[in-house]
There are 2 protein chains.
Amino acid sequence: MPPRNPTIHDVAREAGASIATVSRALNGGVVSPAARDRIEQAVALLGYRRNDVARGLVTGRTGLVGVIVPDLIGPLYAQMARGIEDVLEARGMHAMVVTDHREPEAERRAVEVLRARQVDGLVLIGSSLPETELRTAAGGVPVALVQREGPQTGFPEVRLDDVAGVRAVVAHLISLGHRRIGHLAGRRRDGVERRDAFVAALRTAGLEPGPLVESDFTEDGGATAAPRLLDDGDVTAVFCGNDRMAVGLLHAAANRGIAVPHDLSVVGFDDLTWARYLTPALTTVRQPGRELGRTAARLVLVPPTDAVATPLLRTPELVVRSSTAPPRAAGAARTGAAAPPAEEVIAPPHEPTPR
Amino acid sequence: MPPRNPTIHDVAREAGASIATVSRALNGGVVSPAARDRIEQAVALLGYRRNDVARGLVTGRTGLVGVIVPDLIGPLYAQMARGIEDVLEARGMHAMVVTDHREPEAERRAVEVLRARQVDGLVLIGSSLPETELRTAAGGVPVALVQREGPQTGFPEVRLDDVAGVRAVVAHLISLGHRRIGHLAGRRRDGVERRDAFVAALRTAGLEPGPLVESDFTEDGGATAAPRLLDDGDVTAVFCGNDRMAVGLLHAAANRGIAVPHDLSVVGFDDLTWARYLTPALTTVRQPGRELGRTAARLVLVPPTDAVATPLLRTPELVVRSSTAPPRAAGAARTGAAAPPAEEVIAPPHEPTPR
DNA sequence: TTGTACGCGTTATCAC
DNA sequence: GTGATAACGCGTACAA
């Protein structure tokens, strides 16, 4: 049997001090230099390591923030997790990440597990639990929401300003000269939001939306829904609800011999890592995942006293690459910039959506 | 001030039982049906939730396995984490994931943090700490290694059978008729391993390797190193040490007007999510990340009694897509299969490397 | 079957 | 400055 880990008692004995003094020395309390010295030596000699479990029991705080995330495979959520760790690390805290695969039941269990572990806070990404349930499940612990699926809640929340992102896309396409623009919408809440924003932005510009197709937020979803968009001979541009659908559309277009961007402009949403490596490189809207994570972490750590400015909106950036160009039967396009940029250009952030 | 969480004492009082009985009831011990009933009601009434911190203190086990991973942005490590969670979840345990961004210093800190939290085991992915240091840092807790960077250790370990993967690539290219094959190697340990395996496989087939170029394991690394490969007019195929470099090479080739696979075949390694969406879709070697994670988790939970079969080797699969084809000045290629497959084909796993 | 009482390793509150 | 000592919430001998 391995010799059990040294405890604070062992250190105290070895250093000829009381455990109280050792505890103070370890936590930066007032201790005479001599004692501190002996204690440090004892710690080094024994290889003592503080037991954070015992510490958590007495202090009532664990230095742990629970993070519930749909999955970690897609880069977006991973970046949010990274952002959360950024701010926790700065405070000597840590994240405990649990995935729920978008299943409410798994989300419920995750909250239970994390609460049982006495986390100091909870960050829920893409949560879909009803507010009342969330409130009882969370009990006393601070909660912050990121990109929640569902109606407004009383919890502090960060989300992407989808409306601003969509507006930037529409403005970009219109400035290129496109007049009949289709949309490939995802079935989730954010998909619907983007579609509505799309229609609204178009109407504001005095245009009627082209074909509006709904499908899954996946590559296959994009590919299978593609015909319903491509059959409309007048459509010169398609805005996809996310990058994954855009890839499916791109493939479907290629199979039909439709050249992008010459015959058709395509825009995505998210700016996944690989969007720039597609052929053609995808024009899309970049989600500031890491920053969303950072603000969410700050929101759990210091919950806003009053419920002002909920949800916080983070503005995305339009990333123009080579999947967009003036429409073939151009002419109107000549009014805008001279030529499409040869390399990647990031449009300045737009105004946050007024609320 | 919020009413503090109910404890096992509260439940005991409410149910008119002792805490021992409550504890037994909660942990599936022997309790009279009547008592169990009253206790369950009390639990529901009070909304009692077990405090895993206190429980961990007394049992000495936390049900937590610490996972140290280079990063979570790339899908490969995320999949490994997923695999680890698969087997932990089945046992009611959980993973605490910490990223080290490939910095030994951060890895050291991560081990400290996780040990202080009394994890029941440690899975280190891509670890580069020397064995002796690892051993003292880990203290008594079980350790499993995945894709460790550095020489063989006494710890249980899983790794990909790189040699088998590379052999499959070389066999594929040779069967297509390629005779002069270049290689783009990554600077890390696995990069060197793959390069050596590449040279060996080629020699076994009676061929001399084409140009061997070393660079970073990134898209830029692939792009900047590309000229040194492409300037060799005789090279008809290039095997890249990973998918990210392959993307860089693909772009560089396109810029030079080199058609893939018509003028040049390109093979990657890893099969990242997006490899199939490249143009042309990338032929590559699929890493079974999730399965690597699963076996690693099993290794920590039940450490092998004797040090047999270390490291465990997992066999990758060759995924043939459209970035490989017979060389332009073919003829020799006509001996193989009739035509390149129109769609994705997964070659059967090859023999594990003999040891 | 049930209850009492001790201990897990630490912090915090007191006196000294 | 320092040292006893009482919690923290729970599991588990052991006795009843």
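Every chain is numbered from 1 and lettered A, B, ... according to where its sequence line falls, protein lines coming before strand lines.
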- N/O donor-acceptor pair under 3.5 Å between A:R49 side chain and B:A116 backbone: no
query = Do NZ/NE/NH1/NH2 and the carboxylate oxygens of A:R108 and A:E112 come within less than 4.0 Å?
reply = no
Those residues at least two apart in sequence (or on a different chain) that pass side-chain contact (heavy atoms from CB on, under 4.5 Å) with B:A144 are B:L299, B:V300
The salt bridge (charged side-chain N to carboxylate O under 4.0 Å, His left out) partners of B:E149 (sequence neighbours excluded) come to B:R188
*Base, sugar-phosphate alone, or nothing: which one does B:V31 contact when heavy atoms must sit under 4.0 Å apart?*
sugar-phosphate
First and last nt of DNA chain D near chain B, cut-off under 4.0 Å to heavy atoms, 5' to 3', are D:dG9 to D:dT12
**Check: A:R314 side chain, A:V158 main-chain N or O, donor-acceptor pair, under 3.5 Å** = no
Residue set satisfying side-chain contact (heavy atoms from CB on, under 4.5 Å) with A:L45, at least two apart, ordered chain then number -> A:E14
Any chance CD of B:E89 has more than 12 other-residue heavy atoms, nucleotides or ligands included, within less than 6.0 Å?
no
Establish, with yes or no, whether the OP1 or OP2 oxygen of C:dG3 is under 4.0 angstrom from a side-chain nitrogen or oxygen of B:T21. yes
With B for base contact, S for sugar-phosphate-only contact and - for none (protein heavy atoms under 4.0 Å), nucleotides 8-16 of chain C reads BBBBB----
Return a table of donor-acceptor pairs under 3.5 angstrom between the side chains of residues 120-127 of chain A and protein atoms on other chains or two or more places apart.
unit_1: A:D120; atom_1: OD1; unit_2: A:T62; atom_2: N; d: 3.1
unit_1: A:D120; atom_1: OD1; unit_2: A:T62; atom_2: OG1; d: 3.4
unit_1: A:D120; atom_1: OD2; unit_2: A:R61; atom_2: NH1; d: 3.4
unit_1: A:D120; atom_1: OD2; unit_2: A:T62; atom_2: N; d: 3.4
unit_1: A:D120; atom_1: OD2; unit_2: A:G63; atom_2: N; d: 2.7
unit_1: A:S127; atom_1: OG; unit_2: A:E107; atom_2: OE2; d: 2.5
unit_1: A:S127; atom_1: OG; unit_2: A:L129; atom_2: N; d: 3.4

